[in-house]
*Asks:* 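Take this structure, written in structure tokens, and hold onto it; I'll ask about it next.
Just so it is clear, the structure is predicted and the values come from calculations on it, not from any experiment.
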2 protein chains.
Amino acid sequence: MGATKSDLFTKQQNDVANMAKALAHPARIAILQYLVKKNACVCGDLVEELGLAQATTSQHLKELKTAGLIQGTIEGASVCYCINPKVWNQYREIFGAFFKEVAELKSCC
Amino acid sequence: MGATKSDLFTKQQNDVANMAKALAHPARIAILQYLVKKNACVCGDLVEELGLAQATTSQHLKELKTAGLIQGTIEGASVCYCINPKVWNQYREIFGAFFKEVAELKSCC
DNA sequence: TTAGCACATCGCAATATTACGATTACTTTC
DNA sequence: GAAAGTAATCGTAATATTGCGATGTGCTAA
């Protein structure tokens with residue numbers, strides 16, 4: 001027990017849930033917002049930006065990289081990160097499709 | 001250690017992360033999709049729909065209720081659930097705003 | 001009243017996540 | 001080369017989540 005029973009659900013449902021999981025931490029939201037705001041490669045100053053320990057920040061960056069939302073390239077001694085626009089837009093589309101308009105229910109609850 | 005350090009982040013960042021957390025399980029995605037598809041009050045048949053134990057299903061429903069995404073009203077012996085359109089549309093707007101268009105980066109990574 | 005159903009809650013076990021110090025790997029600078 | 005830097009990874013502790021059986025609560029039906 002304790003582990004999510006992924007096999008009970010469709011691939012699409014697991015995909016959406018995993019995408020949401022990538023966003024389900026304020027540090028990762030903060031990283032993404034920072035990268036979007038800069039709209040450029042950002043090298044090195046993410047640890048100071050967040051206020052978390054270096055190891056923790058690195059872990060969150062790894063999760064965002066695994067999710068595909070960001071990409072990092074080694075630039076000399078440090079690493080530069082930026083949004084992966086392709087995956088970013090996929091997220092936008094998929095969440096947009098999920099949250100399509102819902103009609104008001106009249107005679108209900 | 002182990003607890004999320006919410007105080008390091010803005011209210012908005014914590015809000016988005018908490019909204020994502022509400023969606024970060026395939027069972028909850030499945031529940032929401034089912035309710036959206038029916039677009040009506042659904043009484044009682046959610047346990048069979050999911051395939052999880054009754055206690056587990058109830059727990060997921062509770063989380064969605066806490067997030068405000070669904071509402072349940074007691075209808076005799078059973079409980080009827082439906083989407084809360086107001087909160088649903090708030091989610092749509094907030095995720096939509098978060099995933100606003102990102103310009104392609106030319107000379108980058 | 002009693003039996004049965006629907007659902008919530010409790011208590012627990014298994015697993016996942018979060019956080020950080022310590023270490024490692026690599027690069028730059030001296 | 002050695003020293004200092006940047007960032008990834010390891011190991012571990014604290015906390016959170018997931019799942020389910022058991023139990024409790026309230027309604028319905030006989």
*Asks:* Taking the nucleotide of DNA chain C with the closest heavy atom to each, which residue, A:Gly51 or A:Gly76, is nearer the 5' end?
*Replies:*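 Taking each residue's closest nucleotide, the earlier one in sequence belongs to A:Gly51.
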*Asks:* Specify the closest pair of heavy atoms between A:Lys100 and B:Trp88, including all atoms of both residues, with the distance to one decimal.
*Replies:*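 That closest heavy-atom pairing would be O-NE1, 3.1 Å.
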*Asks:* Of all the heavy-atom pairs spanning A:Glu75 and A:Cys80, show the shortest one and how long it is.
*Replies:*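 Residues A:Glu75 and A:Cys80, closest heavy atoms: CB-SG, 3.5 Å.
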*Asks:* Determine the interplanar angle of the A:His25 and A:His60 rings, folded into 0 to 90°, and report it as parallel if under 30°, tilted if 30 to 60°, perpendicular if over 60°.
*Replies:* tilted
*Asks:* The test is side-chain contact (heavy atoms from CB on, under 4.5 Å); show your working for B:Leu23 and B:Leu69 and say whether it passes.
*Replies:* CA-CA 10 Å; B:Leu23 302 174; B:Leu69 277 168; 4.0 Å; yes
*Asks:* For a quick test of reading the model, state the closest non-hydrogen atom pair linking B:Leu52 to B:Ala27 and the distance between them.
*Replies:*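 So the minimum-distance heavy-atom pair works out to CD1-CB, 3.8 Å.
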*Asks:* Let me spell it out: for each of A:Lys5 and B:Glu75, pick the nucleotide of DNA chain D with the closest heavy atom. Which residue's pick is nearer the 5' end?
*Replies:* A:Lys5
*Asks:* Could you encode protein contacts along nucleotides 7-17 of chain D as a string, one character per nucleotide from 5' to 3', using B for base contact, S for sugar-phosphate-only contact and - for no contact, with a heavy-atom cut-off of under 4.0 Å?
*Replies:* BBB----BS-S
*Asks:* At a heavy-atom distance below 4.0 Å, which nucleotide of DNA chain C is the first touched by chain B, and which is the last?
*Replies:* C:dA6 to C:dC20
*Asks:* Check step by step if side-chain contact (heavy atoms from CB on, under 4.5 Å) holds for B:Val102 and A:Asn39.
*Replies:* CA-CA 8 Å; B:Val102 165; A:Asn39 197 37; 3.9 Å; yes
*Asks:* Reckon A:Leu52 touches a base, only the sugar-phosphate, or nothing at all at heavy-atom distances under 4.0 Å?
*Replies:*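 Sugar-phosphate, backbone atoms only, no base.
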*Asks:* State, with a plain yes or no, whether a side-chain heavy atom of A:Ile29 is found less than 4.5 Å away from one of B:Phe9.
*Replies:* no
*Asks:* Give a yes or no on whether the backbone of A:Ala22 and the side-chain of A:Arg28 come within a donor-acceptor separation of less than 3.5 Å.
*Replies:*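 Here the side-chain-to-backbone pair exists.
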*Asks:* Specify the residues of residues 31-38 of chain A, ordered by number, for which at least one heavy atom lies under 4.0 angstrom from an atom of DNA chain C.
*Replies:* none
*Asks:* Can you spot which of B:Val87, B:Asn89, B:Ile94 makes a side-chain contact (heavy atoms from CB on, under 4.5 Å) with B:Tyr91?
*Replies:* B:Val87
*Asks:* Would you sort out whether B:Phe98 and A:Leu32 count as a side-chain contact (heavy atoms from CB on, under 4.5 Å), showing the intermediate values?
*Replies:* CA-CA 9 Å; B:Phe98 183 79; A:Leu32 292 172; 4.0 Å; yes
